[in-house]
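Quick note: numbers below take in every heavy atom, side chains included, and nothing from hydrogens, waters or symmetry partners.
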Amino acid sequence: EDSALLHILDISGFVMQSSRRSVALLLRLGPGIRRFSDFDRGEGAIRAGGGAWAKKEQAQEDQYFRKLNAEQLKHLHDHHEEEIQHHVDAIKHHQEAIDRHKKKIEDSKKHSN
């Protein structure tokens, strides 16, 4: 039973490590995607004029994208947590089935002797 628990922890650790890699990739790509989108976007009349209005518009836009990015990361994190729990439950179910079959083998050996 201890080895089964260690096995579950090993697998859940692997899944969590994979999730961290996914988030790291998203974080690395996020700013690049934003910069690419800025490349194609034309500047509005207010921003092209500069001044306080342009700074305010840029700050609001940056705030919007930071909030959007945070929401997307939270959604991704929640999704990975659900996936991890699903796999941990499946491992537990499979371990119970293995234990049942091992018990049946032991019982059949006892009855055959």
D89 vs H93, side-chain contact (heavy atoms from CB on, under 4.5 Å): CA-CA, chis, key distance, verdict: CA-CA 6 Å; D89 292 343; H93 176 74; over 6 Å; no

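- Considering CG of L76 and CD of E71, their distance stands at 13.5 Å, rounded to 0.5 Å.
- For the atom pair CD (Q63) and CD (Q60), the distance works out to 7.5 Å, reported to the nearest 0.5 Å.
- The NE2 atom of H75 sits 8.0 Å away from atom CG of D78, with the distance rounded to the nearest 0.5 Å.
- Each of D99, I105, D107 was evaluated against K103; a single residue qualifies, D107, per the side-chain contact (heavy atoms from CB on, under 4.5 Å) test.
- Going from atom NZ of K102 over to atom CD of Q95 covers 6.5 Å, rounded to the nearest 0.5 Å.
- Taking NE2 of H94 as the reference point, atom CD1 of I98 lies at 8.5 Å (rounded to 0.5 Å).
- In this structure, the side chains of K92 and V88 stay at 4.5 Å or more apart for every pair of heavy atoms.
- To the nearest 0.5 Å, atom CH2 of residue W53 and atom CD of residue Q58 are 15.5 Å apart.
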